[in-house]
Each structure stands twice: as structure tokens, then as C-alpha cells.
Amino acid sequence: TFTLSIPNVTEMMRLEMQVKSIFIRDGIYGYLKNAPLSFLDNPANSDKLKSDLAVVINRHMKRGTVSEILIEEYVVR
């Protein structure tokens, strides 16, 4: 389970994210699927995880960039 929030987005960015939500979701899932479990399970890697996810999201964005991600729920199985 993985839930995140992206604060400080403009209305244009929010709309773009809604339109591209499937691509963004698939990018995030791909990243999480390919990341080593030992990396994902280590709380010390949370800043690196957030910055990597911002890169994944920003690959799809044209109207702004994501600079901060808040992880609300994160369960490694």
C-alpha cells in the first residue's frame, strides 16, 4: 500500500496530474517494483525515495515541477 500527497501545486499542475494520472501511477509502481526491498524497507532512505518519486512524476509534467512529496501510507510486504 502506498499513499502520497503533493503539496504546493498550482491549479494547472493539479489538472495536468489528473489527466496524466495513469502514466504517473504506472511510473511510480514501476519504480517501487524495481527498487530493492532492502531499500524500500529502510526508513533512512525516505528522503531518497521522495526525491526519486519526484523525478518519476516530473518526467510527465509540462506545467510545473513537483519539489515535495509527503508519504502518508507506505507498507512493504
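Bear in mind the structure is a predicted one, so any value in this text is a computation, not a measurement.
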According to side chain to side chain contact (heavy atoms under 4.5 Å, CB included), who are the partners of Thr10, at least two apart in sequence or on a separate chain? Met12, Met13
What pairs meet the ring pair (Phe, Tyr, Trp, His ring centres under 6.0 Å) rule with one or both residues in residues 2-26, with sequence neighbours excluded? Phe2-Tyr74
So, do Met17 and Ile6 sit near enough that their side-chain heavy atoms are less than 4.5 Å apart? yes
Same cluster or not: are Leu37 and Ile28 linked, directly or through other Ile, Leu, Val, Met, Phe, Trp or Tyr residues, by side-chain heavy atoms under 4.5 angstrom apart? yes
Gap separating the CD1 atom of Ile57 from the CG atom of Leu4, nearest 0.5 angstrom: 5.5 Å
Check: Asn8 and Ser67 side chains under 4.5 Å, non-hydrogen atoms: no
Tell me which pairs pass salt bridge (Lys or Arg N to Asp or Glu O under 4.0 Å) where either residue lies in residues 19-36, with sequence neighbours left out. Glu16-Lys20
To the nearest 0.5 angstrom, please state how far the CG atom of Leu53 sits from the CD1 atom of Ile24. 11.5 Å
Tell me, which pairs form a ring pair (Phe, Tyr, Trp, His ring centres under 6.0 Å) where one or both residues lie in residues 27-46, sequence neighbours left out? none
Please, which pairs that meet salt bridge (Lys or Arg N to Asp or Glu O under 4.0 Å) have at least one residue in residues 1-11, sequence neighbours excluded? Glu11-Arg14
Contact summary for Asn58 and Val66, nearest pair of heavy atoms: OD1-N, 2.6 Å
Ile69 and Ala54: which non-hydrogen atoms are nearest, and at how many Å? CD1-N, 3.4 Å
With sequence neighbours excluded, what pairs up with Lys48 under the side chain to side chain donor-acceptor pair (under 3.5 Å) test? Asp52
